[in-house]
Amino acid sequence: MIDPVVDASWIADRQVVLADVRWYLDGRSGREAYERGHLPGAVFIDLDTALAGPASPAEGRHPLPDPEVFAAALASAGIQDQDQIIAYDDAGGLVASRLVWLLRVTGHDAALLDGGLTAWPGELTTEIPVRPASKFTARPWPADRLASLEETVSWPGPVLDARDAPRFRGDTEPVDPRAGHIPGARNLPCRDNVGADGRFRPPAELRERFAAVGVEAAADVISYCGSGVTACHNLIALEHAGLGAGRLFPGSWSQYSHTGRPAATGD
């Protein structure tokens with residue numbers, strides 16, 4: 001399988017499918033941003049309809065989509081089983097990592113475009129590519145790469161919270177019903193996996209970041225965030241750092257915060 005993070009030079013001479021996965025927490029339309037300008041040939045993949053199921057207090061704001069729904073969305077975008085998919089956004093890969101993670105855990109070649117939209121060396125286009133609908137096979141989400149709420153709260157290894165520090169500490173909570181974090185979790189803001197230029201930090205630096213929160217091997221890790229989207233960025237970073245594959249708690253804080261379980265605050 002290809003590395004989970006590649007740059008523009010890597011894709012220059014390869015036949016890949018570019019996927020634009022822009023999405024905004026403040027309600028702006030990712031599709032409208034795509035239509036105003038995107039990488040040549042890129043198709044748009046919608047987080048809410050393709051990469052997540054219906055929101056609910058019991059499962060969180062972005063539960064995993066039904067595999068059949070996921071497969072149908074990719075097929076309608078003209079993506080086939082054998083395609084190499086390179087996903088990007090304009091936020092350092094924080095949203096696009098969800099698509100990449102879903103593809104990789106089901107055995108497909110997929111990677112983030114390092115630096116995303118802003119690192120693209122050429123011009124953007126408003127031309128919408130016409131790709132014929134194709135066949136993309138639905139595959140079940142592998143149980144060994146997922147963690148339930150019960151597993152997460154009792155996990156003896158590192159549980160990483162990918163949200164920014166103020167939300168982790170409980171200083172603020174703009175989205176979910178309660179502030180704070182899962183007791184025992186360790187904060188590793190995923191935004192800091194990339195530098196000021198939006199590109200991933202070198203693998204050695206990533207390993208130092210993970211070591212600082214007690215992570216030596218990804219197999220010991222459960223990752224969560226607000227709704228299970230940006231938590232995938234930490235999982236991609238683990239792979240890019242050469243530490244292996246961790247597990248995702250899909251419901252994340254948006255599920256946990258609807259329970260009567262205690263919420264920890266502070267660092």
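What you see below is based on every heavy atom in this structure, not just the backbone, and it leaves out hydrogens, waters and symmetry mates.
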Any non-hydrogen side-chain atom of L117 less than 4.5 Å from a side-chain atom of H38? no
Hey, does L160 have a side-chain heavy atom less than 4.5 Å from the side chain of L235? no
Is it true that [X] and [Y] have a side-chain N and a carboxylate O under 4.0 angstrom from each other?
{"X": "R163", "Y": "E173", "answer": "yes"}
{"X": "E150", "Y": "R261", "answer": "yes"}
{"X": "R247", "Y": "E151", "answer": "yes"}
{"X": "D20", "Y": "R31", "answer": "no"}

cation_pi(R98, W101) dist<6.0 Å, angle<=45: no
Cluster partners of I222, using ILVMFWY side-chain heavy atoms under 4.5 angstrom, listed by chain and number? L149, V153, W155, V159, I182, Y224, F249, W253, Y256
Tell me who clusters with Y34, hydrophobic residues only, linked when side chains sit under 4.5 Å apart either directly or through other members. F44, I128
For T137, the side chain to side chain donor-acceptor pair (under 3.5 Å) test, sequence neighbours excluded, returns D81
If you compare all heavy atoms of A264 against all heavy atoms of P183, which two are closest, and at what distance to 0.1 Å? CB-CA, 3.9 Å
With a 6.0 Å cut-off (strictly less than), is the heavy-atom count around CD of E68, excluding the residue itself, greater than 12? no
